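These numbers come from a predicted model, not from an experiment. Quick note on labels: first sequence line is chain A, next is B, and so on, each numbered from 1. Computed over heavy atoms, backbone and side chain alike; hydrogens, waters and symmetry mates excluded.
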Number of protein chains: 2
Amino acid sequence: MGRQKRPTIRDVAEKAGVSIATVSKYVNRQQSFSQAVEDKLRSAIQDLGYSQNPLARSMVTGRTTAIGLAVMDIANPHYANVVKGANRVALENGYNLLVVDMEESISAARPLLAALSPRTDGLIVSARVPQDVADWLAELDKPVAFLGQPERDDVTTVGTDSVQVASLLAQFLVRQGFSKFGYVGYSRAAWNVERLRGLREVLEPAGLELQVFDVEEPTSEAGERAAARVLLCQDRPDVIIGCNDLVAIGLMSEARALGFNVPEDIAFAGIDNIPTSRYVTPPLTTVDVCSQMTGEVVMKQMMAMIEDKPCPEGLAPEPALIIRDSTRRTVKSKQLAR
Amino acid sequence: MGRQKRPTIRDVAEKAGVSIATVSKYVNRQQSFSQAVEDKLRSAIQDLGYSQNPLARSMVTGRTTAIGLAVMDIANPHYANVVKGANRVALENGYNLLVVDMEESISAARPLLAALSPRTDGLIVSARVPQDVADWLAELDKPVAFLGQPERDDVTTVGTDSVQVASLLAQFLVRQGFSKFGYVGYSRAAWNVERLRGLREVLEPAGLELQVFDVEEPTSEAGERAAARVLLCQDRPDVIIGCNDLVAIGLMSEARALGFNVPEDIAFAGIDNIPTSRYVTPPLTTVDVCSQMTGEVVMKQMMAMIEDKPCPEGLAPEPALIIRDSTRRTVKSKQLAR
DNA sequence: TTGAAAGCGCTAACAC
DNA sequence: GTGTTAGCGCTTTCAA
């Protein structure tokens with residue numbers, strides 16, 4: 001269906017009886033024209049259905065007016081919301097956001113980023129990548145920003161502090177009177193150690209026990225599969241923290257399927273505050289990591305980097321505890337705790 | 001941050017002491033070379049960290065080895081899963097998938113697609129677009145496929161049949177003995193009329209009542225906001241069908257918050273079978289529209305179109321009823337129905 | 001097996 | 001206000 005080549009600037013120039021430079025300037029609104037030329041240009045463009053080829057434009061200007069965003073897993077609502085935020089800000093600034101899914105595979109990241117990079121004016125990468133990829137990104141002739149735990153001063157990184165997020169949650173749970181903690185982590189992610197550290201910083205001084213488990217992917221299905229192992233272990237925790245909401249939801253669901261009462265028999269908490277967490281039973285206690293705002297902030301930083309303006313400060317998203325019923329203390333649980 | 005320009009083919013040629021044509025052929029593995037040349041090339045490329053600029057390449061070949069996918073709302077797990085499926089197949093075929101979020105705005109589609117199109121070898125659009133955009137897409141010099149209800153033979157469209165999906169659900173609910181139906185639709189989507197039609201085709205002949213409501217966006221939040229209106233209406237339905245799972249989940253959640261027992265007082269069903277539906281309480285009855293498979297199939301069709309091969313047939317995803325507790329008939333509900 | 005040269009569609013000096 | 005021209009980085013004849 002209609003595979004005719006699309007018209008070029010030359011076609012327009014010919015049809016309008018002007019030079020291609022004039023067409024270019026007209027299309028880019030770079031100056032004013034005589035009424036006659038303007039009319040001819042408008043109708044020629046209209047008739048031909050001409051529109052600029054951004055590739056050719058990029059070749060000469062070196063700009064693409066597109067930003068690339070590579071996410072670990074677009075099916076994770078946290079990342080989907082980061083995309084939302086980033087997209088809004090990009091559009092507001094006249095940029096297009098090109099999203100690429102890395103499918104939780106750091107090893108696949110390199111070729112994906114290599115393909116994405118030249119199509120964009122800047123790259124946002126939602127993970128701490130291996131050193132060789134990081135080096136390669138640093139050598140790039142365009143700004144790069146990371147999503148995640150801010151660490152070093154020489155790279156822009158936007159996200160909540162994983163240690164802080166985990167501590168916040170642990171502190172609350174300790175105050176609630178929980179004493180035997182379980183953490184179901186995802187050791188393949190870089191942030192896992194920090195979340196674990198955040199928990200330990202709170203639990204160890206309090207002399208509280210922490211059992212650590214691991215899932216092979218940070219999804220609800222993996223959480224479900226891990227549930228039996230976690231729940232039927234020697235010394236069952238009285239509260240389980242999932243490394244993210246997805247995992248926590250899977251764990252909690254399977255726990256209920258196995259006959260446990262939540263939160264009476266065992267409590268659950270997650271991290272991220274994905275929309276689903278409100279709708280599960282019981283609603284999941286979690287830490288809001290401001291997914292959408294993170295996307296907005298990282299894109300604002302990116303815009304600043306591109307325009308060589310100083311990076312806007314004070315935008316860092318602040319994690320917030322979201323207390324729901326999955327960690328409610330009940331008469332029964334308090335009695336059991338004795 | 002190393003903002004040095006990235007090395008070009010000319011840099012490599014110079015360093016290796018060969019012509020740029022030779023470098024090009026080497027990089028594209030188009031022929032064999034003398035050992036000496038090959039060694040020099042390899043080390044030059046290595047040292048410089050050279051990689052092809054796909055933009056420049058596209059300029060001359062006319063190919064980008066990228067496919068564009070514009071989705072209505074990436075935060076909707078249905079679309080996220082379509083992306084997953086499409087991405088997998090694209091990668092298998094050596095293509096990159098570039099995703100763009102249209103934010104549920106058909107009006108914003110045009111500029112977004114115009115920007116995406118020239119960066120890709122083919123476009124997949126997750127919506128029925130307005131006629132002018134459809135015409136514009138048809139005039140494009142590249143294959144276009146749509147996600148949704150297959151309708152016309154002259155455009156590739158992949159998706160489950162919305163009429164069939166809705167009928168399937170209605171038939172089941174009628175068999176279950178429900179008699180007063182409510183449908184909470186999203187009239188701004190093109191598929192809404194078909195879902196409604198599918199319901200009517202089953203309910204009208206059976207002489208069953210159908211009340212229709214509408215949400216302003218197809219999300220759980222909108223579902224929640226609509227709940228009071230739906231539940232407190234004159235003649236309350238005994239089963240409510242959400243136009244998608246997201247809406248149904250919001251409705252059901254708010255119904256429970258308002259003190260209704262689900263499914264005893266009122267039952268709920270959705271459409272899509274997003275992962276969350278399994279985890280809400282009660283688990284949501286829905287129709288699986290094979291989101292991921294839809295993505296795979298549409299990308300396979302796209303690959304075939306690009307290679308000018310006949311489109312693989314018999315791949316159409318078949319919707320499947322997923323029966324869960326949100327529509328379970330109970331003693332109480334049966335009594336009430338009398 | 002290698003290289004010279006044309007040109008993809010466009011912009012940006014610069015000249016008129 | 002308008003046109004001429006030199007490339008952007010690359011592939012692709014075609015000739016050597």
Legend entry - Rounded (10°) bend between the five-pair end axes of the helix from dT1(C)-dA16(D) to dC16(C)-dG1(D): 40°
Inset, instruction - Enumerate the residues from residues 20-31 of chain B whose closest heavy atom to DNA chain C is under 4.0 Å, giving them by residue number; use none for an empty result. - result: Ala21(B), Thr22(B), Lys25(B), Gln31(B)
Inset, instruction - Identify, residue by residue, the members of residues 34-55 of chain B with a heavy atom below 4.0 Å from DNA chain C, and return them in order of residue number, or none. - result: Ser34(B), Val37(B)
Legend entry - Glu194(B) and Arg128(B): CA distance, side-chain angles, deciding distance, salt bridge (Lys or Arg N to Asp or Glu O under 4.0 Å) verdict: CA-CA 13 Å; Glu194(B) 277 117 32; Arg128(B) 253 167 293 167; 2.8 Å; yes
Specify the separation, in whole Å, of atom [atom1] of [X] and atom [atom2] of [N].
X	N	atom1	atom2	value
Glu14(A)	dG3(D)	CD	C1'	16 Å
Met59(A)	dA12(C)	CE	C1'	15 Å
Ile9(B)	dC10(D)	CD1	P	5 Å

Would you list the atom pairs, donor with acceptor, under 3.5 Å between side chains in residues 19-27 of chain B and any protein atom, with sequence neighbours excluded?
unit_1, atom_1, unit_2, atom_2, d
Ser19(B), OG, Ala21(B), N, 3.4
Ser19(B), OG, Thr22(B), N, 3.3
Ser19(B), OG, Thr22(B), OG1, 3.1

Do the side chain of [X] and the main chain of [Y] share a donor and acceptor less than 3.5 angstrom apart?
X	Y	result
Asn87(A)	Val83(A)	no
Thr120(A)	Ser117(A)	yes
Gln149(A)	Ser162(A)	yes

Inset, instruction - Classify the side-chain pair Gln52(B)/Asn28(B) by whether it contains a donor and acceptor separated by less than 3.5 Å. - result: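 On atom types as modelled, these side chains qualify, holding a pair under 3.5 Å.
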Inset, instruction - Quick one: pull up NZ in Lys142(A) and CG in Leu137(A) and give me the separation to the nearest 0.5 Å. - result: 11.0 Å
Inset, instruction - Decide yes or no for Glu103(A) and Arg88(B): does some side-chain heavy atom of the first lie under 4.5 Å from some side-chain heavy atom of the second? - result: yes
Inset, instruction - Please name all residues satisfying side-chain hydrogen bond (donor to acceptor under 3.5 Å, both in side chains) with Gln301(B), sequence neighbours left out, ordered by chain then number. - result: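 If we apply the side-chain hydrogen bond (donor to acceptor under 3.5 Å, both in side chains) test to Gln301(B), skipping adjacent residues, there are no hits.
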Legend entry - Pairing residues for Pro118(B) by the side chain to side chain contact (heavy atoms under 4.5 Å, CB included) criterion, not counting sequence neighbours: Arg6(A), Asn53(A), Pro54(A)
Inset, instruction - Name the nucleic acid region contacted by Ser32(B), choosing base, sugar-phosphate or nothing; use a 4.0 angstrom heavy-atom cut-off, strictly under. - result: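 Sugar-phosphate contact only - Ser32(B) comes under 4.0 Å of backbone atoms but never of a base.
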Inset, instruction - Select from Ser19(B) and Arg10(B) the residue whose nearest nucleotide in DNA chain C is closer to the 5' end of that strand. - result: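 Its nearest nucleotide being more 5', the pick is Ser19(B).
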